[in-house]
A.B. asks: 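What follows is a structure written as structure tokens; I'll ask about it next.
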Amino acid sequence: MGNIALTTLVILVLAIPGYLVRSCYYSHEFTRQVLPKSGTDDIARAFLYALPFHFIGVCIVELWKHVGGMETHLRFSSLFQLLSGSYEKGDTAIVDAIYADAGLVITYFVTTVLYAVVIGHALRHYVWKYRLDITWPKVFEFRNPWLYRLLRPKVPLPYTGAEVFVFAEALTYIPVDGFPGKTRLYRGMVSGFTTEEDGTLKDLFLTQAQRGELRKNYAMDPTFDWKEITPSSCLVLKYSEIKNLNLTYVVPASSPSRVPARK
């Protein structure tokens with residue numbers, strides 16, 4: 001039982017760079033729910049993601065040993081024994097080797113962790129900037145359907161660097177004062193959203209927001225008009241209060257100097 005516990009601990013420690021590179025890649029608030037709720041729910045995948053970092057780290061250590069003449073007490077056989085649990089109870093040789101190379105082990109682990117963090121953030125930045133998640137979705141796609149409906153629609157772009165603006169018209173359950181049976185209508189440009197832990201849409205953020213206004217006209221049917229809520233404000237709509245949501249994707253024919261206003 002002791003062998004199994006120690007082997008499990010070693011695997012968890014070696015998988016940490018894999019957890020970190022995934023966490024940093026999915027660190028954007030719109031994709032955080034794709035990560036396992038518990039750190040032990042996805043050990044195998046995290047361990048596989050960590051293997052390239054350990055491979056590079058071990059290669060650097062081996063090169064340093066051959067070029068710089070560095071001496072270490074740890075061997076591949078020691079790691080194999082730890083991972084397989086093939087060592088006798090009371091055998092302290094592996095522990096002694098780790099203790100003798102404690103400085104090297106700590107330096108290796110800290111460097112590998114920092115490298116994983118940098119790679120995770122850098123990869124997410126370049127994937128987002130160059131739309132690699134849309135070009136190669138099987139490899140880089142962010143597993144959040146709302147992201148590609150509300151912020152990053154998969155529509156053709158007329159030129160390199162073109163930006164897609166997403167306008168939303170939301171019919172809510174909020175009643176309109178003085179008009180029984182009528183509910184409030186909002187519209188604006190989608191600037192962000194939040195989700196529940198299970199990926200369900202929670203809040204919708206709109207800029208250039210406008211509210212539909214009904215005015216009584218006793219000579220004829222009520223008149224309808226749009227009223228700007230507040231210039232440069234952000235309207236937060238709860239998804240639970242939205243009855244219908246219509247999205248319009250707008251791609252300017254040329255690079256705009258400002259965000260196009262909804263007319």
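Just so you know, these numbers come straight off a predicted model, no measurement behind them. Heavy atoms only: backbone and side chains are in, while hydrogens, waters and symmetry mates are out.
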A.B. asks: How far apart are the C-alpha atoms of Glu213 and Arg184, what are their side-chain angles, what is the distance that settles it, and do they pass the side chain to side chain contact (heavy atoms under 4.5 Å, CB included) test?
C.D. replies: CA-CA 8 Å; Glu213 290 287 343; Arg184 185 71 66 187; 4.0 Å; yes
A.B. asks: Going by heavy atoms in the side chains, are Leu151 and Val166 under 4.5 Å from each other?
C.D. replies: no
A.B. asks: Between Val139 and Tyr25, is there a shared hydrophobic cluster once you connect ILVMFWY residues whose side-chain heavy atoms come closer than 4.5 Å?
C.D. replies: yes
A.B. asks: Under 4.5 Å between side-chain heavy atoms, counting indirect links through other Ile/Leu/Val/Met/Phe/Trp/Tyr residues: same cluster for Ile119 and Phe140 or not?
C.D. replies: no
A.B. asks: Checking ring-ring contact (aromatic ring centres under 6.0 Å, His included) between Phe53 and each of Phe47, Tyr19, Tyr115, Phe109, which is the one that passes?
C.D. replies: Tyr115
A.B. asks: Flag the pair Arg149 / Tyr249 as yes when at least one side-chain heavy-atom distance between them is below 4.5 Å, and no otherwise.
C.D. replies: yes
A.B. asks: For Tyr126, is the OH atom crowded, meaning more than 12 foreign heavy atoms sit under 6.0 Å from it?
C.D. replies: no
A.B. asks: For the NE2 atom of His125 and the SG atom of Cys24, what is their distance to the nearest 0.5 Å?
C.D. replies: 14.5 Å
A.B. asks: With a 4.5 Å heavy-atom cut-off, do Ile60 and Thr111 have their side chains touching?
C.D. replies: no
A.B. asks: Taking C-beta and beyond as the side chain, do Phe205 and Thr207 meet within less than 4.5 Å on heavy atoms?
C.D. replies: no
A.B. asks: Could you check, using the six-membered ring where one of them is a Trp, whether Tyr148 and Phe142 have ring centers closer than 6.0 angstrom?
C.D. replies: no
A.B. asks: Any chain of hydrophobic side-chain contacts (each under 4.5 Å) joining Val127 to Tyr49?
C.D. replies: no
A.B. asks: Answer yes or no: are there more than 12 heavy-atom neighbours, outside Trp226 itself, under 6.0 Å from its atom CH2?
C.D. replies: yes
A.B. asks: Quick one: are Tyr108 and Val58 in side-chain contact, heavy atoms under 4.5 Å?
C.D. replies: yes
A.B. asks: Mind checking whether Leu204 and Val236 have side chains closer than 4.5 Å, heavy atoms only?
C.D. replies: no
A.B. asks: Heavy-atom distance under 4.5 Å between the side chains of Arg152 and Asp133, does that happen here?
C.D. replies: yes
A.B. asks: Do the non-hydrogen side-chain atoms of Lys202 and Tyr239 ever get within less than 4.5 Å of each other?
C.D. replies: no
A.B. asks: State the CD1-CG distance between Ile242 and Leu171, to the nearest 0.5 angstrom.
C.D. replies: 9.5 Å
A.B. asks: Consider only side-chain heavy atoms of I, L, V, M, F, W and Y, link residues closer than 4.5 Å, and tell whether Leu147 and Leu157 are in one cluster.
C.D. replies: yes
A.B. asks: Any chance you could measure Leu206, atom CG, to Arg211, atom CZ, to the nearest 0.5 Å?
C.D. replies: 13.5 Å
A.B. asks: Determine whether the aromatic ring centres of Trp128 and Tyr130 lie less than 6.0 Å apart.
C.D. replies: no
A.B. asks: Determine, using the 4.5 Å side-chain heavy-atom cutoff (strictly less than), whether Ile134 and Val190 are members of one ILVMFWY cluster.
C.D. replies: yes
